[in-house]
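Scroll down for the structure; my scribbles are underneath it.
Naming convention: chains lettered A, B, ... in sequence-line order (proteins, then strands); numbering from 1 in each chain.
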Amino acid sequence: DAKTTQPPSMDCAEGRAANLPCNHSTISGNEYVYWYRQIHSQGPQYIIHGLKNNETNEMASLIITEDRKSSTLILPHATLRDTAVYYCIVRVQRSGGGADGLTFGKGTHLIIQP
Amino acid sequence: DSGVTQTPKHLITATGQRVTLRCSPRSGDLSVYWYQQSLDQGLQFLIQYYNGEERAKGNILERFSAQQFPDLHSELNLSSLELGDSALYFCASSADTTNEQYFGPGTRLTVT
């Protein structure tokens with residue numbers, strides 16, 4: 001899996017959009033970008049993933065640059081409950097037989113300020 | 001609620017002992033994964049089972065073993081416990097055709 005680089009921490013005001021960057025300059029053509037988050041000591045939570053097109057779901061939006069070397073996770077209206085460590089993971093997507101284990105880095109600790 | 005359940009929530013035991021952690025995956029998920037999260041090592045993948053068979057191994061110690069039963073629940077067995085095994089242990093599951101993993105609430109193991 002390609003290596004990712006994320007800032008160790010970020011602050012965002014409540015109600016504003018939180019934009020979390022991730023650099024993955026060595027990403028391969030068949031690798032997807034996944035985002036998970038972990039709220040203090042809870043189990044990690046899947047957020048979103050994408051290959052090259054921008055993706056949006058009820059939790060967040062994922063913007064992937066055209067060269068796929070970086071991406072941004074956007075939480076459109078951050079709340080205090082969004083305070084968590086956010087992990088950007090790049091991996092091959094497999095069909096059938098289950099996916100491989102995830103390799104977590106240190107992630108970005110996002111702190112939402114009231 | 002992810003649909004993945006883990007028991008027990010907390011476990012306190014002494015060095016040298018053996019413990020078993022249990023995980024029930026989401027309904028219909030064939031894959032089960034085990035992860036360890038300690039303060040110094042972060043979240044580490046230990047092992048994966050798919051439909052009862054071991055499929056992938058990560059940084060799992062020889063003192064640790066796992067299995068997945070016909071009803072798809074899984075158990076992680078930790079033996080000859082050391083102080084450094086104190087950690088949060090998470091189980092995750094995924095469906096056959098998707099790659100998203102859904103994590104349980106974890107078991108906090110304290111070895112004294």
For this session: Heavy atoms only, distances under 4.5 angstrom: which of A:Pro44, A:Gly105, A:Gly107 has the most pairs with chain B? Name it, please.
Result: A:Pro44
Problem set entry | Region of A:Tyr32 in contact with chain B, defined by heavy-atom distances below 4.5 Å | neither
Exercise. Are B:Ile60 and A:Leu102 joined in one hydrophobic group, where the rule is that I, L, V, M, F, W and Y side chains link up if heavy atoms are under 4.5 Å apart?
Worked result: no
Exercise. Side-chain heavy atoms under 4.5 angstrom apart, residues restricted to Ile, Leu, Val, Met, Phe, Trp, Tyr: same cluster for B:Phe64 and B:Trp34?
Worked result: yes
Exercise. Is chain A contacted by the side chain of B:Leu43, its backbone, both, or neither, given a heavy-atom distance below 4.5 Å?
Worked result: both
Exercise. Do B:Phe45 and A:Val85 share a hydrophobic cluster, counting only Ile, Leu, Val, Met, Phe, Trp and Tyr and linking them when any side-chain heavy atoms are less than 4.5 Å apart?
Worked result: yes
Seminar exercise, completed: Okay, B:Gln6 and chain A: the region with an atom under 4.5 Å from a heavy atom over there is neither
For this session: Could you tell me whether the side chains of A:Asn23 and A:Ser70 share a donor-acceptor contact shorter than 3.5 Å?
Result: no
